[in-house]
Amino acid sequence: MDWFSDLDDSKTGFATTLTGWYEHHKRDLPWRHTRDPYSIWLSEVILQQTRVAQGRPYYERFLAAYPTVQSMAGADERDLLRLWQGLGYYSRARNMHKTAQYVAEKLEGRFPETYAGLLKLPGIGPYTAAAIASFAFNEKAAVVDGNVYRVLARVFGIDVDITTNNAKKIFSERANQLIQASDNPATYNQAIMEFGAIQCTPVSPDCLICPLQQRCRAYLTGRQRMLPVKSKKTAVRERFFNYIVIRQGDRIALKERTAKDIWQHLYDFCLIETEEPMEAFRELPEGKVLNWVLQEGILKGLSDERTHVLSHQKIRARFWLIEVPEGREVQLPEGLIFCKPSDTERLPKPILIADYLKSLQF
DNA sequence: AACGCGGGGTG
DNA sequence: CACCCAGCGTT
């Protein structure tokens, strides 16, 4: 704890240095031109575990489609999910809708103006509550995201494992001490995150041009590469998805995913998941209806295996395209519905499915 | 406290 | 390939 004694002296300098760096290096981002709580909230939900470059076009599209919290509250949830398509972590879109409805209907369209009030809303956790409270309402609530963990761990030489609950408390307390020294918490919060994103990067930070170099514990002891400490590694589960794509004329059979699994409330095809790669499916005991479709249908195509990688899963998918002759009455397996092209386009789908459909056009 | 949840960028 | 991104909700 040898940094504690000089903390009072150093924290003012830390905040001042960061905000000074920020004014000179900040990127011009659309959500930095507003203090509208709705716009800020929208940007923060989109940016949860999402890079600025990936989230930015979504922010523009959402704001164009739903300029107000009332318009989002009145939206069909499927349309929100469709607009969210490709961003991942789809429960964010559903929680966003719940919060929009709550704010529009119970709070007369006005977001809570405090950290504690914001924290109660669906999809708003400690980070997002602090971001909105500071950016929109100038509350001295410190954001603690991946950038802040990294910057604080390095500058103050904190080697607590950031995946633990203890670390959450330690970093949050330190961040909240530091923000007290700033007379502009909104700018300070933006600054420390921007600093982490641009200067104090995860891999090979450019310490030689860093304004905090001489007060950085990690630099002074050569431990940049070791900090922050993160113990847990991601275990990837391998899964085999065999999709039966049933097509009749220009209609395709889709199904909403309702299980407690990935892609909840998105749409895909008739899915047979197996423990091993599957080469033939005509013997599968998957029910009379599917067997009928497979018997009467004509195999029009079999895709190569496509690998779709998620954080915790590696999905190996193959697509069997089955054509059912037009005019034929087809009873589809449970849950599947024939969709015309315009409906297929309009429904939210995993990127794996959207990409396959795109490849079908050619 | 541990786990599940996407898709993409980067070195 | 590994790492991780303006995290949150559930168990």
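Remember, it's a predicted structure, so these values are computed and weren't measured experimentally. In what follows, chains carry the letters A, B, and so on, assigned in the order in which the sequence lines appear, proteins first and then strands, with residues in each chain numbered from 1. Side-chain atoms are counted along with the backbone in the values below, which use heavy atoms only and exclude waters and symmetry mates.
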Protein-nucleotide distance (A:Asn147, atom CG; B:dT10, atom C1'), rounded to Å: 15 Å
Polar pair under 3.5 Å, donor/acceptor by atom type, side chain A:Tyr89, base B:dG6: yes
Working for side-chain hydrogen bond (donor to acceptor under 3.5 Å, both in side chains), residues A:Thr128 and A:Gln48: CA-CA 8 Å; A:Thr128 306; A:Gln48 287 166 7; 2.9 Å; yes
Per A:Lys230 side chain, nearest of listed nucleotides B:dG7, C:dC4, C:dG7: C:dC4
Under 3.5 Å donor-acceptor, A:Arg27 side chain and A:Glu194 backbone: no
Under 3.5 Å donor-acceptor pair, A:Thr50 side-chain atoms to B:dG8 base atoms: no
Protein-nucleotide distance (A:Leu310, atom CG; C:dC5, atom P), rounded to Å: 18 Å
Test item: A:Arg316 and A:Thr307 side chains (from C-beta on) under 4.5 Å apart, heavy atoms: yes
Sugar-phosphate, base or nothing in reach of A:Ile46, heavy atoms under 4.0 Å: nothing
Result of checking A:Ile132, A:Val69, A:Val103 against A:Tyr38 for side-chain contact (heavy atoms from CB on, under 4.5 Å): A:Val69
Touch class at under 4.0 angstrom, heavy-atom based, for A:Arg150 against every strand present: sugar-phosphate
Nearest to side-chain heavy atoms of A:Gln190, which nucleotide of C:dA6, B:dG7, B:dC5: C:dA6
DNA chain C: 5'-proximal contact among A:Glu194 and A:Pro122 (nearest heavy atom): A:Glu194
Rounded distance (Å) that lies between atom C1' of C:dG7 and atom CG of A:Leu87: 14 Å
Selection from C:dG7, B:dG11, C:dA6 that lies nearest to any side-chain heavy atom of A:Gln49: C:dG7
Interatomic distance, A:Arg92 CZ vs C:dT10 P [rounded to whole Å]: 16 Å
A:Trp41 side, atom CH2; A:Phe111 side, atom CZ - distance, nearest 0.5 Å: 4.5 Å
Euclidean distance for C1', C:dC5 against B:dG6 (whole angstrom): 12 Å
Whole-angstrom distance between C:dT10 and B:dG7, as gauged at atom C1': 22 Å
C:dC4 and B:dC5, which share atom name C1', separated by this distance in whole Å: 15 Å
Distance, rounded to the nearest Å, where A:Arg239 contributes CZ and B:dG4 contributes P: 11 Å
Distance, rounded to the nearest Å, where A:Ile353 contributes CD1 and B:dG6 contributes P: 14 Å
Phosphate-side-chain proximity, A:Gln48 and C:dG7, N/O vs OP1/OP2 below 4.0 Å: no
P atoms of C:dC8 and B:dG8, separation to the nearest Å: 22 Å
Residue A:Lys314, side-chain atoms from C-beta onward, closest of C:dC8, C:dC1, B:dG7: C:dC1
Residue A:Asn95, side-chain atoms from C-beta onward, closest of C:dG9, C:dC4, C:dA6: C:dG9
Interatomic distance, A:Phe14 atom CZ to A:Ile192 atom CD1 [nearest 0.5 angstrom]: 4.0 Å
Per A:Ile351 side chain, nearest of listed nucleotides B:dG7, B:dG6, C:dC5: B:dG7
N/O (side chain, A:Trp31) to phosphate O (OP1/OP2, C:dA6) under 4.0 Å: no
Of A:Thr164 and A:Asp261, the one whose closest DNA chain B nucleotide lies more 5': A:Thr164
Sugar-phosphate, base or nothing in reach of A:Thr128, heavy atoms under 4.0 Å: sugar-phosphate
Min side-chain heavy-atom separation A:Tyr267-A:Thr344 under 4.5 Å: no
Nearest-angstrom distance from the residue atom CD1 of A:Ile162 to P of C:dC4: 7 Å
Whole-Å gap separating P (B:dG8) and OH (A:Tyr90): 8 Å
A:His308 vs B:dG6: side-chain N/O to OP1/OP2 distance below 4.0 Å: no
B:dG7 phosphate, OP1 or OP2, under 4.0 Å from A:Ser311 side-chain N/O: no
Base of B:dG8 paired with side chain of A:Gln54 (donor-acceptor, under 3.5 Å): no
Residue whose closest nucleotide on DNA chain B lies nearer the 5' end, A:Val203 versus A:Ser91: A:Ser91
DNA chain C: 5'-proximal contact among A:Asn189 and A:Ile124 (nearest heavy atom): A:Asn189
